[in-house]
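One structure below.
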Number of protein chains: 2
Amino acid sequence: MQDSERLSGQDQLIERFGTYFESIGFQPIAGRIIGLLSVSDREELSFDEIINRLKISKGSASVVLRKLVAECRVAVVENGRRHYYKLKQQNLFELLDEFERMCDSARHLLNATIDLKTDKESSNAKYFNEIINTIDRYKTITATMRQAVQTI
Amino acid sequence: MQDSERLSGQDQLIERFGTYFESIGFQPIAGRIIGLLSVSDREELSFDEIINRLKISKGSASVVLRKLVAECRVAVVENGRRHYYKLKQQNLFELLDEFERMCDSARHLLNATIDLKTDKESSNAKYFNEIINTIDRYKTITATMRQAVQTI
DNA sequence: TTTTTAGTTCAATCGCGATTAAACTAAATA
DNA sequence: TATTTAGTTTAATCGCGATTGAACTAAAAA
């Protein structure tokens with residue numbers, strides 16, 4: 001594969017990472033930075049390399065990188081005056097935890113909604129109960145999966 | 001429970017539904033409408049009831065409701081000149097499908113990223129492979145779950 | 001000590017989706 | 001037929017997060 005080909009391929013992937021992370025609530029620039037750090041062959045990039053490759057201002061890079069570091073998405077290595085950044089690998093179990101917390105809060109909201117219904121047998125009340133049951137079934141299964149993985 | 005108590009309880013839940021749906025990409029008003037239709041005791045509400053309870057303009061209600069109907073989140077019943085709206089209950093398997101499509105596209109992006117790496121043994125390449133394996137394990141499990149539920 | 005460099009800070013602005021207001025349409029009603 | 005009513009359309013505006021630019025700080029280099 002030629003260098004130019006690789007570069008343009010990387011640009012496309014950076015864009016895809018970017019739109020994905022945008023869709024889950026990150027700033028556009030944050031998504032591109034995660035993309036660049038994911039895609040790039042050298043996995044530790046300086047502040048300058050980042051702003052030059054992505055063509056963004058020092059200001060936004062500074063703000064967004066600080067946020068990404070605070071959120072443990074990116075790790076920073078200081079080397080003299082220079083800062084180097086690399087992707088911080090997430091603990092996959094923590095990702096699962098996060099998803100389960102989301103399910104829990106949905107479950108909680110649906111329960112509160114049913115509690116407030118005059119008619120607990122109404123169509124929506126039944127539907128919400130069905131969703132709650134599905135969430136509970138799902139949690140049983142992931143608990144099993146978690147155990148299985150942990151005992152390997 | 002008193003009526004006033006129930007009403008303010010509903011308002012709070014509407015707000016919680018609203019912020020939840022906002023967080024997954026819906027317009028604020030769309031989230032509140034879904035909340036109102038989820039929480040309200042009468043589960044079929046007229047255009048007027050919606051704009052009065054949520055204190056929103058006819059214009060935004062019209063636009064947002066059309067969108068929600070197009071997305072199959074809300075069903076509309078026309079009765080003479082009046083339109084009545086109710087929550088459209090989703091097929092829970094379709095929700096699962098949607099989640100799996102999301103996993104598939106993530107898997108695809110990670111694969112493309114590894115393909116483009118010069119060093120397939122780099123730290124990030126290994127990390128991405130680990131995520132792919134986790135996704136695959138997850139899919140095996142949900143397939144089993146799906147079969148189990150379908151044969152009930 | 002002076003100069004250069006790396007990154008930070010923050011006020012200003014940009015961009016854009018969400019929302020409204022008011023004119024408008026079409027159907028029901030009188 | 002004239003009027004009322006229910007909802008639609010769309011131009012204008014609002015609000016706000018994202019981004020920039022330029023001044024600024026602090027540390028390294030000269």
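Here is how names work: the chains are called A, B, and so on, in the same order as the sequence lines, proteins then strands, and each is numbered from 1. The structure displayed is predicted, hence computed values, not measured ones.
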B:Tyr85/B:Leu68 under side-chain contact (heavy atoms from CB on, under 4.5 Å): CA gap, chis, key distance, verdict: CA-CA 10 Å; B:Tyr85 297 91; B:Leu68 287 172; over 6 Å; no

Candidate pair B:Glu78 and B:His83, rule side-chain contact (heavy atoms from CB on, under 4.5 Å), full reasoning: CA-CA 5 Å; B:Glu78 313 216 357; B:His83 298 181; 3.5 Å; yes

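Using modelled atom types and a 3.5 Å distance limit, the side chains of A:Glu43 and A:Ser38 yield no donor-acceptor pair. Counted by atom type alone, A:Gln10 and A:Arg53 present one or more donor-acceptor pairs between their side chains at under 3.5 Å.
The aromatic rings of A:Phe21 and A:Phe17 lie parallel to each other, with less than 30° between the two planes, well short of the 60° mark.
One distance of note links CD1 of A:Ile132 with CG of A:Asn111; it measures 4.0 Å at 0.5 Å rounding. The CG atom of B:Leu110 sits 9.0 Å away from atom CG of B:Asn129, with the distance rounded to the nearest 0.5 Å. Rounding to the nearest 0.5 Å places OG1 of A:Thr134 at 11.0 Å from CZ of A:Arg107.
Residues from residues 73-85 of chain A with heavy atoms under 4.0 angstrom of DNA chain C, sorted by number: A:Arg81, A:Arg82, A:His83. Contacts between residues 27-53 of chain A and DNA chain D, defined by a heavy-atom separation under 4.0 Å, are made by A:Gln27, A:Pro28, A:Ile29. Within residues 59-68 of chain A, the residues approached by DNA chain D to less than 4.0 Å at the level of any non-hydrogen atom are A:Gly59, A:Ser60, in residue-number order.
Remark: A:Glu22 engages A:Arg32 in a salt bridge, criterion side-chain N to carboxylate O under 4.0 Å. For B:Asp115 and B:Lys120, the salt-bridge test fails: no basic side-chain N is under 4.0 Å from an acidic carboxylate O.
At a threshold of 4.5 Å between side-chain heavy atoms, the hydrophobic network of Ile, Leu, Val, Met, Phe, Trp and Tyr places A:Val39 and A:Ile24 in one connected group. No single ILVMFWY cluster, assembled from side-chain heavy atoms under 4.5 Å apart, contains both B:Tyr138 and B:Ile131.
In summary, the aromatic rings of B:Phe99 and A:Phe99 are positioned with their centroids under 6.0 Å apart.
A side chain to side chain contact (heavy atoms under 4.5 Å, CB included) with B:Ser40 holds for exactly one of B:Leu45, B:Ile14, B:Leu13, B:Leu87; it is B:Leu45.
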Which atom pairs, donor and acceptor, lie under 3.5 Å between side-chain atoms of residues 58-67 of chain B and protein residues at least two apart or in another chain?
{"from": "B:Ser60", "atom 1": "OG", "to": "B:Ser57", "atom 2": "O", "distance (Å)": "3.4"}
{"from": "B:Ser60", "atom 1": "OG", "to": "B:Ser57", "atom 2": "OG", "distance (Å)": "2.7"}

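Protein chain A contacts DNA chain C over a range whose 5' and 3' limits, counting nucleotides with an atom under 4.0 angstrom from a non-hydrogen atom, are C:dT4 to C:dT9.
Rounded to 10°, the helix from C:dT1-D:dA30 to C:dA30-D:dT1 has 0° between the axis fitted to its first five pairs and the one fitted to its last five.
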